[in-house]
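Below is one structure, written out as C-alpha cells, with a few remarks after it.
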Amino acid sequence: MDPIVATKELSFRVGFSGHSGHLRIEPLSTVERSSPIRSLPDFILPPAFPKETPETIKNYIEETYLQPRLDPDEFSPEKVGRQWDFDWFEMAKVSLDPSPPRSVVVPTWVLPFERPKKDGAAGGTWEPDSRQVDVSELNVETQESGSQPRVPGPAKDFVRGSINNRPFRPGGLDDSQSIDRILPDAASNGEWVHEVLNGGPAQFISPILKQGLDLGDLKEYPNSWTVYENQSSSSFKTSPIENLSELSVQFDDLFKKAWEEDAIESVEDGQSPKAESIKSEAQVRELEAISIAPAPGISALDEILSLESGGFSLSSDQATDGGAQKKEAWVVVGGREDISLRFHDLVPDMALDFPFELDTFQKEAIYHLEKGDSVFVAAHTSAGKTVVAEYAFALATKHCTRAVYTAPIKTISNQKYRDFCGKFDVGLLTGDVSLRPEASCLIMTTEILRSMLYRGADIIRDIEWVIFDEVHYVNDIERGVVWEEVIIMLPRHINIVLLSATVPNTIEFADWIGRTKQKRIHVTGTAKRPVPLEHCIFYSGELYKICESEIFLSHGLKSAKDACKKKSLSVVGGAGGSHAGASVANDGTKNRKLESFNRNKQNKHSGSQNLGNFSGTSWGNQKNGEGHNNWGSRRSDASLWLLLINRLSKKSLLPVVIFCFSKNRCDKSADSIYSIDLTSSSEKSEIRIFCDKAFSRLKGSDRSLPQIVRVQGLLRRGIGVHHAGLLPIVKEVVEMLFCRGVIKVLFSTETFAMGVNAPARTVVFDTLRKFDGKEFRQLLPGEYTQMAGRAGRRGLDKIGTVIVMCREEIPEEKDLKHVIVGTATKLESQFRLTYIMILHLLRVEELKVEDMLKRSFAEFHAQKKLPEKQQLLMRKLAQPTRTIECIKGEATIEEYYDLYAEAEKPSNQISEAVMQSSAIQQFLVPGRVVIVKSQSAKDHLLGVIVKANMNRQYIALVLMPDSLPAQSSSSGDLEKKKQDLPQGYFMVPKSKRGLENDYYSPSTRKGSGLVNIRLPHAGAAAGISYEVRGVDAKDFLCVCSKKIKLDSGRLLDEVSNVAYSQTVQQLLDIKSDGKYPPALDPLKDLKLKDVNLVEAYKNLTDISLKMVANKCHGCIKLGEHLKLAAEIKKHKEEVNNLKFQMSDEALQQMPDFQGRIDVLKEIGCINSDLVVQMKGRVACEMNSGEELICTECLFENQLDSLEPEEAVALMSAFVFQQKNTSEPSLTPKLSMAKKRLYETAIRLGQLQAQFRLQIDPEEYARDNLKFGLVEVVYEWAKGTPFADICELTDVPEGMIVRTIVRLDETCREFKNAAAIMGNSALHKKMETASNAIKRDIVFAASLYITGL
C-alpha cells in the first residue's frame, strides 16, 4: 500500500501478520520510491467483516430498529402477571397518534354517461382515474365546530352523541367567520402594531386569558414614529402569497392598518377636498374589509346572499351597472327535457332498479341524486315521492355511506321501517325504540336528528343523505321550528332530499335552503294527480258533483241548493217531518237496535263523552223539534250514515275513509251503524285470525280491555276507527287491516291522512269545520287537499271520489271554492327561540344564536336584501363629508342644532296643551298675533286672527315667504282668477254648525260679519305677499302676546286694499328685528297648572338658556349653518339606520333573545360571559318537558323526598298534553309535591315576565304542567292492572299509553341529568322508576317492527 507520511518526513507502512490479522508497522526509508508491489501486505486474508450491500443494510436496520422486542429483564418468565404501577402512555416520548397525511389519492368522479368503458362494450367496467388532493380540501366538508380536530368519542355515544361533544360545523358558513371567532380582537385589529411603533407596556396577558406571566420589572421602551401619507402607498406592499393558512394573521396588513391610522397629512392650501376624498376612501375600504371578513355584528350569511353565477361572492366592485353579471340562482326549477328522454343513457348504472316506468319528475330527481345534488320534490299524495327516498337509500348503500329518513310522526317512522326492511339495511330510532342503529339506512323522527346534531354524534360523519318527508309540516306551530333547526345545523357534506305536498311557495322555501346551506337545490315535482279526483256533495240521499279535474262546477251546486229549497218547502207544507231516507230499517228491528245501542252506550269511550248535537259541527244545525234530543239526533245521524254507505256500496265506491274531527265523533259514528255488515265469511276469518295473532302478545287481562273488545267487534263487520285515543297496538291493527282491504268503512281523525299511507276508493268529510285547539274554523285548502288525496288507489281506481256531507244546509259557493280549489297554505316559518336551543348554541363556537336567527326562514327576505343595503351604505360613506367653517373659532353648531332639535318636543307638547285648553279661547280674538304652521315653506308664518267663532274655526291673515309670487285679489276680479284659485269655503264641521250660520260663503249682501271673498284669498301689500285662509285651532303653532288693531269688516266684507296694507304693515313692524314676538306664557298668562306641562315648560326654559349661552346664538350665519348641520345630521342618521338594519339588533326576535339570556343568567344556567354552567348543561338534557321547570325541579331537590313511584307520577305533568280532564285524587305527599312544582312554574313565569317576555305566569304554568294523569301513573308504577287505572280518569286509553311511553324518555333524561349533577341517589331512583312503568300493554312492541 502507499506509504503514510508522518511528521518530520517519517514514513511507514501498515500490514497484517499471520492468520490472526495483527497489524504490523514497518518504517520506510525516506529515499525509498513508491512501488505498488511493495505497498501491498505480505499476506492478505479474507476481510474480517463481509462487504455491506443495500440488502444487508436494510436487514440490519429492520432487525435493530424496526422489529419490536421486549425488554428481557422486564418481560422475563419470572415476572409473568406483574401489575404495572405507571401509565405507559404518559411515559411515551413520542406522540402515539400518527401524524395525518398531507395529501391523499382519491378517485376522480365522472358523470355516468361520460364514463369510458374498459372493454368498450356496453357491459364493460369503468375504472376511475385517481388524483392527489390536499387533506384540508377533504376535511373542510366535515369540520367540527372548533379549530382543533375532535377525537371520536366512545362507542356508546356514536349514534346519540353526548352533551360533552361539540356539534359539527353547520354548512353554509363562510370560512372567514372561523378566523374572527378564533382570533381575539386585540390580535387582529392592529393595536399591538401601535405599541411597536410608539412604545408601550409589555404584553404579558393574552387577549383570551385572564392571567399572564409575571415579567418582573420589565419596563416599556418609549419610542415615536412620524408617518406621512404620501409615503404609505409606496412603502408597503403585501406579498401576493396565495393559499395562506386560514388562521394566520398577516403582519403586513396589520402594520399597514396602523400606519394609515397614524398617518399625518401635510395640510396645505387648497388641499381640503383631497382630505375629504382620502377620508371617504378610507371609510369605503373599511367597509369592504368588513364585508370580506365579517365582524361579530355581520354574519357570514351576508356573503352568502351576495353571489354571482358560479357560487362566488359578488362584491360591489365586481357588479356591473347594467347588471350583466347575474346573481347565483340557488334554485333550479324543473330539468332539461332530454333528462327524461335520455334517462337510461345519463344514468346507465342505476343503484336501484324499479319494476315500473318512472315518471318524469322521478327521473329528474334520480338524475340529480346521481350527480350528488340536493333535490326538492313537491307532488300530490300517492304520486310516488317515496321512489326518490328509496333511491337515496340505494345510493348510500352503494357508496358505503349512510342515509337518514326523518318523519314528523312516529307512526310514519314505524311504517317506513316496515316498508324498507326487505329492501335495505334499515335501522329505527325514535324516542322509545332503538333498532339496529349501526345500519346504513336510518329512519328516525326529526327531533332525534336535531338532538344528534346538537350533541355532535359521530355518526354524522358518515351521513350522505338526509330525507325530509312531509316538509309542509313545517307550518305546525308547535313542532315546525324543528325542521328549520335541523336544516340550519346540517353539516356541509350532507345532501338534502325534501319531499312535500304541493305548496305555492316551493321556490321560496328552496331558495332559503339553498342560500342558507350554499347548495344548489333542484326543484322538481308534478301538479298532476296519479288518480284524478271528483268532488261531490251528499245531500238528502243524493250525490251532486261540484268539482272535476280541478274545475268547479257551479251547476252541480245549484242543483243541490234547488233540492234543499224544495225540501224546505215540503217540510213547511207538512209533507213530512223528516228528510227522505230517515229510516232504512223495518219496524221489526227497531227494538233490537235500541237494545244493542244501550249495551254499547255503557262503554264510556263510545258514549259517555258527549259533545252535543251531531250536526253542531256541520254547516247547519238541526232545526226541528228534536234538535235538543240526543237520541233523536243520533238516530237521524245513524240513518244518514247507513244511507251513505248503502249508496257507496251500490256504486262500488268502497272502501271509504270518513274524516271526523273529533275522537268521540269517530267512536259514536262507528257505534251508531251497528246494523250493517260489510264483510264476507272469508274476510271475517282473516280479520279474526289477524286480531288473535296481534293481540296474543298481550297478557290475559289486557286482551279483554273494553276498547279491544269493542274494536274487534267493529272490525269483524268491516268497520274501523282510528284516532289518538286508541291504544297503539289497536291503531296498528286497524291500519294493517285497512291496507289489506278488509275494512270497508273507516272513521278517522285528521292524523290518518298525515301518518298512514293507506289510500281508499272514496273519502268523506263529515264536516268542513274543525277545532284547532283555540277556536272552530273552516278547513284550510291545504288540509282539505291532504285528506282528499287519500281518495283513489293508484293502479286500482281510474278516479277517486271525495264527498262532503251536508245535513240541513248547503255551503256557500265561495266557501266550497276556497276549500276545494283554493290556493294551498304557504310554507311559513314557525321559528321561535327556546331555552334549550340557546344553551346548545352557546356551546358552539362557530354558530351564534344571532346566526341561527339570521338563517331562519322568517328572516330570509330581510337577509336577502342585505347586499343592496350594503351597497347603499358604501355609496353614502363614499359621499364627501361636508364641514362647517365657523367664523368664531371652533364650530359648536352641532351642539346648537342638537339643542334646537331637543327643544322641539317640549315646545310641541306645550303648544298642543295650550291650544287644547279652555283658557286660550279668550285670547283667540280678532287682532291677536299668531304663528301658523307651514307645511311647505321653510319657516312658519306670522299672521293675525281676522275672524273667530265658537267652533274653534278661524280666519287668519298670514304673511307669505318672499319666494312665493305676490298676487292681489279683490272683489272686482274674483271672476277673473276663478280658474287660478281653487274653489274653497271656510267650512265648519257639520256637527258644530248652527241653523242660522251653516257655512261662510261669498255673498254680495251687506252686513256685519259677512265674508265677501273666496278663501284662500291671496294678495300683496307693502311689498310683501299675504294670504287670508281658514285655519283650525290645531294649525296654530303658538299664540303671541302681541295684539294689533284691524277692521274685520273692511278686510272680509269690503275687501279694502288700504285695510290690508295697514294690517300687513303692522305685522312687519312687529317682525322688524327678524324675530317673532314672544308667545303667551302658559303659566303666567294662561294660568295652566298641569304637572306634565309645567315640567315641559321648565325643560324648554333650560334648553333656551343653553342655546343663548352658545356662541352660535345670534351669529349672522346661524341660519345657513343650521341648514348645513341638519343635512349632516340627516346623513349620519341614514348611515346609522343602514348599519342598524344590517346588524343583529334589527332581527325580529332579538328582544326576545335578550330577555331569555337575562333569564338564564338570573337562574344560573350561564354566567356573565355567556359560558354555560352545570345548570345549563342539565337543562340541555331536558327535551320532553319544559327545560326551565325540569331543571329547577332537580336543583331544588323536589324529587328527593319522593319514592320512585311518586316521582315518576309527578313527572307525568311534564309530558301529559290533554287540557280538560277529571281531577285526580292524590295522596298528601303528592299533593304537596304538586303544589311546590306549580309554585316553581309560577315563579319562573314571573321571572320571564319581569325580563319583558310576553308570558303570563298563570298561563305558563297551566300550559307546561298538566296533572291530570298523576294518579293514573302512580297506580301504574305500583303495579295496578291497566284496566283498573283506566277507570280512574276520563282520559282515553291511547293518551294514557302515549304519556307513559314519553315518561320513560323523561326518566332517561333525568337520569342523565343526575349523572351530570353527581346525584347518585337520583340516578338510581330514575332507573327504578323507569323499570316500574315499563311493562305489559303500555310497552308492547310495534307490529310494524316485529311483524306478524
Measure from NZ or CZ of R1156 to the centre of the six-membered ring of Y835, then state whether that distance is under 6.0 Å and the direction lies within 45° of the axis.
yes
Taking only residues two or more places apart in sequence, or in another chain, which ones meet R418 in a salt bridge (Lys or Arg N to Asp or Glu O under 4.0 Å)?
none
For Y454 and E485: C-alpha separation, side-chain torsions, deciding distance, then whether side-chain hydrogen bond (donor to acceptor under 3.5 Å, both in side chains) applies.
CA-CA 10 Å; Y454 276 135; E485 286 184 77; 2.5 Å; yes
Rounded to the nearest 0.5 Å, what's the gap from CG on L841 to CG on D851? Could you check?
9.0 Å
Short N-O contact, R832 and E484, less than 4.0 angstrom
no
So does S1184 get a backbone contact from the side chain of R1302, meaning a donor-acceptor N/O pair under 3.5 Å?
yes
With a 4.5 Å limit on heavy-atom distance, are the side chains of D349 and K398 in contact?
yes
Taking only Lys NZ, Arg NE, NH1 and NH2, and the carboxylate oxygens of Asp or Glu, determine whether R436 and D425 approach each other closer than 4.0 Å.
yes
Show your reasoning for whether side-chain hydrogen bond (donor to acceptor under 3.5 Å, both in side chains) applies to E370 and H368.
CA-CA 5 Å; E370 281 282 356; H368 295 306; over 6 Å; no
Could you state the interatomic distance from CD1 (I488) to CZ (R855), rounded to the nearest 0.5 Å?
8.0 Å
Rounded to the nearest 0.5 Å, how far does CZ of F424 lie from OG of S440?
9.0 Å
Short side-chain to backbone donor-acceptor contact, E859 and L1147, under 3.5 Å
no
Spacing of CD belonging to E438 relative to CZ belonging to F158, to within rounding of 0.5 Å
10.0 Å
Could you tell me whether the side chain of M444 reaches within less than 4.5 Å of the side chain of V404, counting heavy atoms only?
yes
